[in-house]
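One structure is given here, and the rest of the page talks about it.
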Amino acid sequence: MLKGFKNAVELDFSLEENRKKIEEAFKLVDAEKGKTYPLIIGGEKIETEKKIVSISPADKEVLGYVSSCSEELANKAIETANEAFKEWSLTPVEERVRCVRRLAALTIENRYYLDAWNVLESGKNWGEADGELCEALDFFNSYALNMLELDKGMDLVPTEEDTKCVYIPIGVGAIVPPWNFPFSIMGGMCSSALVSGNTFVCKPSSDTPIVCYKFMELLEKAGFPAGTFNYIPGAGSDIGDSIVEHPLTRFINFTGSKAVGCRINEHAAKISKGQKWLKRVVAEMGGKNAIIVDSSADIKKAAAGVASSAFTFQGQKCSACSRALVMSDVYDEFVEEVVKCAAELKADQGAGRDNKAMGPVVNQAAFDKISSYIEIGREEGNIVFGGTYSDEVGYYLDPTVIRDVPKTARIANEEIFGPVLAIVKVESFDEALEIANNTEYGLTGSVYSETRKNIQRAKIEFNVGNLYFNRKCTAAVVLQHPFGGFNMSGTDAKSGTKDYLTNFLNLKSITEDLNS
Ligand code: NAP
């Protein structure tokens, strides 16, 4: 247990007082709609002509225009971060931690405002946005405390020599976060780099660049020196390769799809002219997460857990369940119960702004991809709930339950990243485990069972980074369920932990002969 650490507590929006505060925050955000946002390089705000247009997925309203970074400016940002590294890497850990603590305090101070921006830009409901903010606070605090621990160095065998091992920062990071946790994942990636004495350029997702900009403003106010953090939005396809390949880039911290993660890994492995190190790549990627329901399970509980895992935030969590593997003797009962849960969510559907359970998916491309998978699912199985969608106002798809899906079906094997659940019938626990492990991914999984033998087996044989029993496979909490995937789901970085920070540190062994 990390001494002094406590998880942040989410706001209760059933309280009138909290509802009022977020409504007030929406007014502030409304007044800012349509503004332009610059790049931040070495503290300098740079407007560029080419803009990324940030659009609210709930109603397609323009939220703002964000300067798009060119390759040339991205190079300048990396050089700037490299200059800033010279001093920041020598700044005592206590001072770096002080900045992180100020960052946490500022996050709390601006909580409703940050939640409101997240709701509008990512399409989350209020609770989900505030849950994310809590996760970000947990990251800030855990990385600060863990860095203080690491700063004590490593215990060594005592000898007559004077020996010590110290953790030292490694250099400039290229930080590339996704849109689905635009505050917490991005904030965790940036704060871990800074507290460990590194500097960075951050290329946010083109879907959520404003939330990232608001975070950069907090970094500035928290006292991180200019140049330690650099904000360089731009299409991944335009500047992604160049920031990965730049010879001064020391590490890449990426979270997103498998396709982009693999590309980054490949490009980072090439040695650029003048490069003096092998780049470290942390890549947390996609999933095709399964929940097994065996004959002994509490079916109502299992159905509620599966529906929540599959449909909250419209199935756009990397940890979301998209396959339920259900024993044949409880299959029909389970399907019936899941449909009831999905119907409840649909009844509560609406724009993120209204704090309904189900909001929009992030953009037109996601809407098109998910709806095309629904059509594939119509052919591959039987849709028993949902299957309907509309992009007339915003990007809305109903929670969709598809039964009788063969284990080889595309919807049972490919990441859809939307509110679509494939239910596969299995005849034995062996078969369930075999299907659960048969994709290239290995992110999260869960088992609903009251059979000890099955639980024990799954603990060993179900090969995922985050495994749960008799609970949903989403909602990992920092330092309660350290998060990171196996296989093509990622490098298993386990965010929030001390291990995570060591990705961005070198361990220097120093020995002095005292007899000379
Ligand atoms: P994505 O399309 O891979 O994008 C992620 C980031 O990579 C964005 O900032 C994107 O920029 C950038 N990018 C695109 N092409 C690039 C390139 N060639 N070089 C460098 N960067 C590039 O993923 P996403 O749609 O944002 O996120 C959804 C995916 O993330 C899902 O697969 C989900 O499972 C995964 N995810 C995983 C975790 C985890 O912890 N394992 C957590 C959250 C999400 P643009 O926006 O400009 O394209």
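Only heavy atoms go into these numbers, but all of them, side chains included; no hydrogens, no water, no symmetry mates. As the structure is a computational prediction, the values presented were derived from the model and not from experiment. Atoms within a ligand are numbered from 1 in the order they appear, just like the ligands themselves.
Neither the backbone nor the side chain of Lys317 comes within 4.0 Å of ligand 1, counting heavy atoms alone. The proximity of Ser495 to ligand 1, defined as any non-hydrogen pair under 4.0 Å, does not occur for either the backbone or the side chain. Under 4.0 Å from ligand 1, heavy atoms of Thr255 appear from its side chain as well as its backbone.
Residue Val244 has no nitrogen or oxygen atom sitting less than 3.5 Å from a nitrogen or oxygen atom of ligand 1, judged on distance alone. At a 3.5 angstrom cut-off on N or O pairs, Ser257 counts as close to ligand 1.
Nearest-heavy-atom check against atom 6 (C) of ligand 1 across Gly234, Ala235, Pro177 picks out Pro177. Ranked by closest heavy atom to atom 42 (C) of ligand 1, the top entry among Pro209, Cys318, Gly465 is Cys318. Counting only non-hydrogen atoms, the option in Ala476, Gly256, Ser319, Gly236 that gets closest to atom 15 (N) of ligand 1 is Gly236. For atom 28 (C) of ligand 1, the nearest non-hydrogen atom from the set Phe417, Phe254, Phe483 belongs to Phe417.
Geometrically, Lys498 does not engage Tyr143 in a cation-pi contact, judged by NZ or CZ lying under 6.0 Å from the ring centre and within 45° of the ring axis.
Ligand 1 is approached by Leu443 to a heavy-atom distance shorter than 4.0 Å. Within the 4.0 Å heavy-atom cutoff, Gly484 does not count among the residues contacting ligand 1. Not a single heavy atom of Ala174 sits less than 4.0 Å from an atom of ligand 1. For the pair Trp179 and ligand 1, a heavy-atom separation below 4.0 Å is found.
The nearest protein atom to atom 12 (C) of ligand 1, hydrogens excluded, is given as Val176 CG1, 3.5 Å; this is a heavy-atom distance. Closest to atom 32 (O) of ligand 1 among all protein heavy atoms lies Glu415 OE1, 2.7 Å.
Close approach to Lys203 involves these atoms of ligand 1, each under 4.0 Å from a residue heavy atom: 9 (O), 10 (C), 11 (O), 12 (C), 45 (P), 47 (O). For ligand 1, the atoms lying closer than 4.0 Å to a non-hydrogen atom of Ser206 are 45 (P), 46 (O), 47 (O).
The main-chain N or O of Asn437 is never found under 3.5 Å from a side-chain atom of Asn463 such that the two would form a donor-acceptor pair.
The local environment of NZ in Lys50 is sparse, with at most 12 non-hydrogen atoms from other residues, nucleotides or ligands closer than 6.0 Å. For Glu71, the CD atom is loosely surrounded, since the number of other residues' heavy atoms within 6.0 Å does not exceed 12.
Here the two rings, on Tyr231 and Tyr213, have centers that are under 6.0 Å apart. For Phe183 and Trp117, the distance between ring centers is not under 6.0 angstrom. Between Phe367 and Tyr389, the gap from one ring centroid to the other is short of 6.0 Å.
Using a cut-off of 4.0 Å between Lys/Arg side-chain N and Asp/Glu carboxylate O, Lys214 and Glu32 are scored as salt-bridged.
A heavy-atom distance below 4.5 Å is not found between the side chains of Leu479 and Asp138. Using a 4.5 Å heavy-atom threshold, the side chains of Ile291 and Ser309 count as touching.
Protein heavy atoms are found less than 4.0 angstrom from atom 47 (O) of ligand 1.
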